[in-house]
Each structure stands twice: as C-alpha cells, then as structure tokens.
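See below for the structure under consideration.
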Amino acid sequence: MTDKSLLILSPLEMPTHPYASVPQLIAAAEASGCLVEGLDMNLEFHHWLFARERMEETLRKARLLLEAEGGASSHDSLEAGKAREILSAIDGMGEGFFFALDVTDRRGRGLRLQAVKLAVSLAFCVNDEETVSGVFGNVSPGGADPYSSRSLCNSLKNRTGLLDDFYDSFLPGFFAGKTFLFAGISIPFAWQAEPALRLAASIRRIVPGLPVVLGGSYVGMHLAETRAPELFDYFDAMFVGRGERQVIELHKAALSGRIDFSTIDGSVYMKNGKVCRTPLGNILPLDEVPAPKLTFDRSRYFCTEADHFLRLQLSMGCSWARCAFCNLSGCKLFPRQQASVDEAVRKVRSLLDLGIKRIFFGDDEADPGMLAEFAGAVIKEGLHFEWSINLRFHPLMDMEWALLLKQAGCSRIFVGLEHFDERILGSLNKGTTVKLIDECLNNLAWAGIAVTAYMMVGLPGESREDAEKSFGELVGRIREGLIENAIYSVFSITPGSPIAEDPQKYGITKVYPQECDLKPAIGDFEHDGISRREASALAARFERIIAEHRRKEG
C-alpha cells in the first residue's frame with residue numbers, strides 16, 4: 001500500500017513560477033510526517049504545448065484559418081482576426097520566437113514572456129471550438145462560466161481541444177507504476193476552474209478509485225457554494241480555507257483506510273445524494289506554517305534566473321477590513337493573523353540558505369508597524385535579499401520607515417490606491433486621503449522603493465469627469481517618478497462586501513444579479529455615474545497610455 005499523497009497545480013496560469021499553494025501545503029504536510037509529491041500540471045502543459053513540432057502545427061493551422069477567411073462565418077472571421085494579429089507579432093519575432101519557447105536556449109531569454117503569451121493565445125485560438133479571447137486570466141477552454149455549476153457541468157460533458165489532449169497524453173505515463181492515497185488539485189483563480197475540473201475527470205478515468213479533492217481560493221470563495229450534486233461526478237470533496245490542516249487530516253485518514261469527510265473541518269462533499277458541509281475550524285497559525293518547500297525544478301520555468309522569486313506570508317487578512325468594495329473580512333475564510341518577527345526572519349533565513357534571492361510577501365495587507373520591526377530584524381541579522389509586499393497607505397509610512405525598508409531590501413510596494421478623488425475615497429471607506437497618499441508616495445520615492453498602484457474605474461457615483469481627473473492625477477505622479485506602474489480594474493459588486501450588503505447606501509439604485517449560483521461579482525447595476533461599458537473602455541485606454549509611457553521610459 002502507498003503512503004504518499006499527490007498535490008497538483010492546475011493550468012492555466014503564467015508558467016514563470018509555481019503558484020505558492022502546493023509548495024506551502026507540501027511543507028506543512030511533511031512537517032507533520034506526511035509524504036507528499038507535487039506536480040505542476042500548468043508547467044507540464046506549457047512544455048507540451050511549446051514542443052517545436054506542435055507549435056509549428058499550430059502556426060500551420062493559423063495560416064490555413066487565414067486562407068479560408070473569405071468564406072468563413074462571422075465567428076470564424078473573428079477567430080481569424082485574432083489569429084492574424086497574433087501571427088503578425090510572432091512573425092515579427094522571427095526565429096527568436098522558438099528560441100524563447102525553449103527554456104534551455106538563452107538566446108530567447110529576453111523575449112520569453114512575450115513569446116509565451118503569443119503562443120498560448122494562438123494555440124487556443126485555432127485549436128478550441130469555444131474560447132474566450134485573451135491570455136491566461138481570460139482564457140476559458142470550453143467556454144464555461146466559472147460562476148455557474150450548470151455551465152461547468154454542461155461544458156464538461158464534451159471534450160475540448162488542447163487540455164483534454166494534453167491530459168490524455170501526459171497522465172497515463174505519469175501514473176504508470178505509481179500509487180497515491182489521494183490527488184488534491186489547487187484552484188487559485190476562477191479561470192482555472194474548467195481546466196482543473198477536466199483534470200479531475202481525467203484522473204478519475206485513468207486512475208479509477210483514486211480520491212480526488214479540490215482546494216484553493218476559487219474553491220473557498222465560489223465553487224464550494226454549489227448545490228449541484230452532478231458536479232461531484234468529477235471529484236470527491238472540496239476544502240475551503242488555507243488547506244494545511246485538511247491535507248494533513250485527509251492524508252492520515254487515507255493511511256488508515258477510513259476517509260470520512262464529515263470529520264474534516266471545512267470540507268464540502270456528497271452524502272445520501274445531498275451536498276454536505278462541515279464548518280471551517282481553526283486554521284493553522286502562521287507561526288506554525290513552515291516556509292514553502294522548493295518542490296519544483298526552477299530551471300524549467302519560463303523566466304530568467306534573476307527573475308525567480310518565492311512567495312511567503314508575514315500576515316493574513318486585513319487590519320483595516322472596512323473598504324466598501326472588499327469582501328475579505330466578509331467571507332470569513334481568512335481571519336486576520338500575523339507571524340511573529342522572529343519566526344518570519346527564521347523562514348526567510350531558511351530560504352536564503354537554499355539559494356533564494358527574491359521573495360514576494362503575498363500578504364493581503366501588511367501592517368506597517370510589523371514591517372518596520374521585520375526590516376530592523378533583517379538588517380540586524382545581516383540578511384541580504386530583494387523583496388516586495390502588498391499594503392495600504394498608512395500614517396506610519398514616514399521617511400524613516402521608508403528608508404528602513406529600503407535598507408532591509410524592499411524594492412517594490414503594491415498598494416490599493418483606487419482613486420484620487422476625496423469624495424470617492426470617503427464613500428469607499430478607504431481610510432486614506434490624497435494628502436496621505438502623496439506623503440507616502442514622496443517618502444517611498446526618496447527611499448528608492450518602486451510603487452505599483454491598483455486603481456479602479458466605474459465606482460458608484462463616479463462620473464466620466466471624475467475618472468478622467470483621477471487618471472490625470474495618476475499620470476502626473478507617474479511622470480514625477482512617484483509611481484512606476486498602475487493596474488486598472490473595472491468596479492463590480494463583490495458578494496459579501498459592504499456595497500453588496502447595502503447597495504442603496506452607496507448610491508446604487510438597482511442591481512441585476514447574474515443567474516449564477518457560485519457568487520460571481522455583479523457588473524450590471526444602475527447608479528448615478530458612468531456605465532460599465534464606458535468604464536471598461538476608460539480602463540483599457542488608461543492602461544494603454546500607462547504602457548506606452550513605460551515603453552518610452554524604457
């Protein structure tokens with residue numbers, strides 16, 4: 001009998017780094033004496049897709065699609081238009097396109113990310129019957145709505161192109177001669193829902209009797225809400241929350257030969273034809289969560305050696321937890337907790353000893369006071385590494401604070417700035433002002449810490465004039481060197497957020513919910529402001545202008 005479990009990262013995500021979930025879960029499981037193997041199916045899929053012969057076949061199909069465009073249907077013409085645009089970019093790269101898709105070839109290193117995006121977009125464009133256009137976050141093989149149990153089930157009844165072909169090709173060889181207690185699939189993002197469910201179905205077909213479980217942020221926030229028994233035809237159970245304790249408990253139960261999901265906190269499973277749930281118990285304290293295990297071969301990922309980084313958490317949840325658009329506190333899955341400075345430093349040191357040089361602290365919102373203590377300890381211990389982190393603007397972020405973080409190796413801060421209008425900031429309950437924003441930006445700029453700002457457009461009560469003015473303020477600060485980059489999103493009502501609970505309080509007069517059962521964000525609503533369509537167009541234009549500025553600045 002086997003004594004090993006299998007944890008899998010699902011396609012489709014950028015193949016530049018392994019997502020943090022599986023390395024973190026494996027570290028926690030092994031610390032409890034469990035044997036666990038990791039498999040990055042996202043990485044394996046991209047290596048399979050980028051094989052020279054397969055990619056040349058994709059290019060041949062794309063050119064045939066363009067040749068046949070004259071008599072094509074409107075849908076085919078749309079696909080041909082996409083293919084033409086992508087092919088033009090690929091042809092412009094010449095042979096460098098193939099160099100870039102070979103991770104062992106250093107000649108294509110500088111073009112690697114561009115080539116990866118183009119190759120994936122073209123492959124899905126010409127190989128799948130239904131694909132939402134875009135790259136990664138917008139690609140949905142089979143076209144299922146990840147927020148609808150019915151849509152997912154209907155799509156899974158039929159084979160799609162690339163992913164099912166890949167699973168059929170890869171999985172039999174992987175499982176040959178191997179046995180596992182269970183297979184767990186991590187699904188961090190909504191666009192990975194259908195790829196992960198197709199993966200679960202393939203595993204069940206190839207390895208009958210192997211329990212398959214799902215976990216990850218998307219599962220806890222959305223998929224676990226399902227009431228559709230037929231969805232469980234593809235897996236045995238789901239886990240909500242962080243997952244460390246569930247994986248350990250399931251591993252030990254499987255070793256004993258008696259798996260009973262009703263005894264595992266935070267599990268969603270079928271019993272007597274009904275979807276059942278167990279309450280989420282206490283999560284593992286961050287100080288008891290070990291540093292992630294370096295499970296995967298970094299040389300196989302599509303980035304340069306200097307770009308390799310590892311994710312770690314200093315805290316979880318949000319200390320503010322009052323922003324009107326956010327459901328982080330409302331979802332109850334990620335209660336606020338913080339690692340001790342001593343334990344955080346210990347984890348960092350253990351990673352540096354393994355050759356890690358860059359760390360991204362994936363906190364939802366880091367506490368500036370704790371960061372100052374952490375930075376001081378890093379300097380005292382003589383630890384040298386580059387790091388970045390998420391936070392919100394805070395009065396503690398003075399010049400002394402910024403210089404301390406810079407001395408400790410902080411190179412970039414990601415911050416939810418959202419808007420430059422005082423009225424809108426107040427209505428969102430951000431707890432910030434333009435004055436505070438500018439004070440923090442100036443201090444960070446003087447210290448030499450780059451800032452990436454998250455911005456929003458289409459907020460309740462926001463006029464086009466408000467959006468344009470806020471963007472103008474943003475551009476001014478980019479030109480002054482106070483902000484290096486900005487990422488725009490279009491506002492939608494997130495279930496569980498204060499706005500969702502009382503939309504009229506925030507000026508939303510009518511909401512048109514989608515007919516989906518998995519808690520999608522709602523983009524169709526009425527308010528005294530710009531329409532979602534106009535907001536989307538503005539966000540796209542704003543990002544184009546920012547990207548053009550960055551290109552000119554080099």
Side-chain angles (χ1 to χ4, degrees), residues 1-11 18-45 47-48 156 163-164 166-188 192 195-216 219 223 231-270 290 292-297 300:
M1 177 180 173
T2 185
D3 59 354
K4 182 182 288 189
S5 301
L6 175 66
L7 295 179
I8 307 172
L9 289 169
S10 172
Y19 192 73
S21 56
V22 165
Q24 190 68 75
L25 290 171
I26 290 178
E30 291 187 348
S32 294
C34 306
L35 293 178
V36 185
E37 182 172 334
L39 172 61
D40 190 342
M41 283 293 277
N42 180 58
L43 179 64
E44 299 300 342
F45 168 72
H47 277 283
W48 175 85
L156 291 167
L163 284 172
D164 284 332
F166 164 63
Y167 295 151
D168 289 347
S169 170
F170 181 85
L171 289 174
F174 174 80
F175 281 108
K178 294 182 179 180
T179 55
F180 296 99
L181 295 169
F182 68 87
I185 303 175
S186 174
I187 317 177
Q192 294 176 292
L197 288 169
R198 289 186 178 279
L199 172 58
S202 296
I203 291 174
R204 277 197 153 188
R205 185 180 68 253
I206 293 167
V207 194
L210 177 66
V212 178
V213 297
L214 311 178
V219 170
L223 194 63
L231 199 58
F232 288 81
D233 291 343
Y234 304 98
F235 56 88
D236 295 273
M238 295 181 273
F239 294 142
V240 302
R242 285 183 55 94
E244 288 93 351
R245 279 186 166 153
Q246 289 104 323
V247 166
I248 293 167
E249 289 179 27
L250 179 57
H251 182 97
K252 292 178 178 178
L255 270 177
S256 72
R258 297 186 301 274
I259 295 178
D260 181 357
F261 291 108
S262 68
T263 66
I264 301 177
D265 291 349
S267 59
V268 183
Y269 59 97
M270 284 287 295
K293 185 177 176 63
L294 302 187
T295 306
F296 305 110
D297 180 359
R300 298 189 66 223

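Heavy atoms only: backbone and side chains are in, while hydrogens, waters and symmetry mates are out.
The heavy-atom pair separating Asp236 from Pro211 by the smallest distance is OD2-CA, 3.3 Å. Taking every heavy atom of both residues into account, Leu39 and Phe296 meet most closely at N-CE2, 3.6 Å. Here the closest non-hydrogen pair linking Ser10 and Asn42 is O-CB, 3.6 Å. Taking each heavy atom of Ile187 and Ala196 in turn, the nearest pair found is CD1-CB, 3.4 Å. Contact detail for Gly38 and Thr295: the closest heavy-atom pair is CA-CG2, 4.0 Å.
Here the straight-line distance linking atom CG of Leu171 with atom CD1 of Ile8 works out to 7.5 Å at 0.5 Å rounding. Atom CG of Leu197 sits about 11.0 Å away from atom OG of Ser202, to the nearest 0.5 Å. With rounding to the nearest 0.5 Å, the separation of CZ in Phe180 from OG in Ser5 is 9.0 Å. Atoms OG1 and CG, from Thr179 and Leu210 in turn, are 9.5 Å apart once rounded to the nearest 0.5 Å. From Ser267, atom OG reaches atom CD of Gln246 across 7.5 Å, with rounding to the nearest 0.5 Å. Between atom CD1 of residue Ile185 and atom CG of residue Leu199 there is a gap of 4.0 Å, rounded to the nearest 0.5 Å.
Just one of Leu214, Val240, Val268 meets the side chain to side chain contact (heavy atoms under 4.5 Å, CB included) condition when paired with Leu223; it is Leu214.
Side-chain atoms of Asp40 and His47, non-hydrogen and from C-beta on, never get closer than 4.5 Å to each other. Between Ile206 and Tyr167, every side-chain heavy-atom pair lies at or beyond the 4.5 Å cut-off. Counting only heavy atoms from C-beta outward, the side chains of Val219 and Phe239 never approach each other to under 4.5 Å. Taking 4.5 Å as the limit, some side-chain heavy atom of Pro18 sits within range of a side-chain heavy atom of Leu9. Taking 4.5 Å as the limit, some side-chain heavy atom of Phe261 sits within range of a side-chain heavy atom of Val213.
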For this session: Could you give me the CA-CA distance, side-chain angles and deciding distance for Asp168 and Arg205, then say whether side-chain contact (heavy atoms from CB on, under 4.5 Å) is met?
Result: CA-CA 10 Å; Asp168 289 347; Arg205 185 180 68 253; 2.6 Å; yes
Problem set entry | Chi angles and distances behind the side-chain contact (heavy atoms from CB on, under 4.5 Å) call for Tyr234, Ile203 | CA-CA 9 Å; Tyr234 304 98; Ile203 291 174; over 6 Å; no
For this session: Evaluate the side-chain contact (heavy atoms from CB on, under 4.5 Å) criterion for residues Glu244 and Glu249: first the C-alpha distance (whole Å), next the side-chain angles of each, then the deciding distance (0.1 Å), finally the verdict.
Result: CA-CA 9 Å; Glu244 288 93 351; Glu249 289 179 27; over 6 Å; no
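When atom types are taken as modelled, the side chain of His251 and the backbone of Lys4 share no donor-acceptor pair closer than 3.5 angstrom.
Geometric assessment of Lys178 against the ring of Phe174 yields a positive cation-pi assignment under the 6.0 Å and 45° thresholds.
The existence of a salt bridge linking Arg198 and Asp164 is confirmed by a sub-4.0 Å separation between a basic side-chain nitrogen and an acidic carboxylate oxygen. Using a 4.0 Å cut-off between charged side-chain N and carboxylate O, Asp233 and Arg204 make no salt bridge.
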In residues 20-36, what donor-acceptor pairs under 3.5 Å come from side-chain atoms, sequence neighbours left out?
residue	atom	partner	partner atom	Å
Ser21	OG	Ser186	OG	2.7
Gln24	NE2	Pro290	O	2.5
Glu30	OE1	Lys293	NZ	3.4

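Every ring-ring contact (aromatic ring centres under 6.0 Å, His included) that Phe166 has, sequence neighbours left out, goes to Phe45, Trp48, Phe170.
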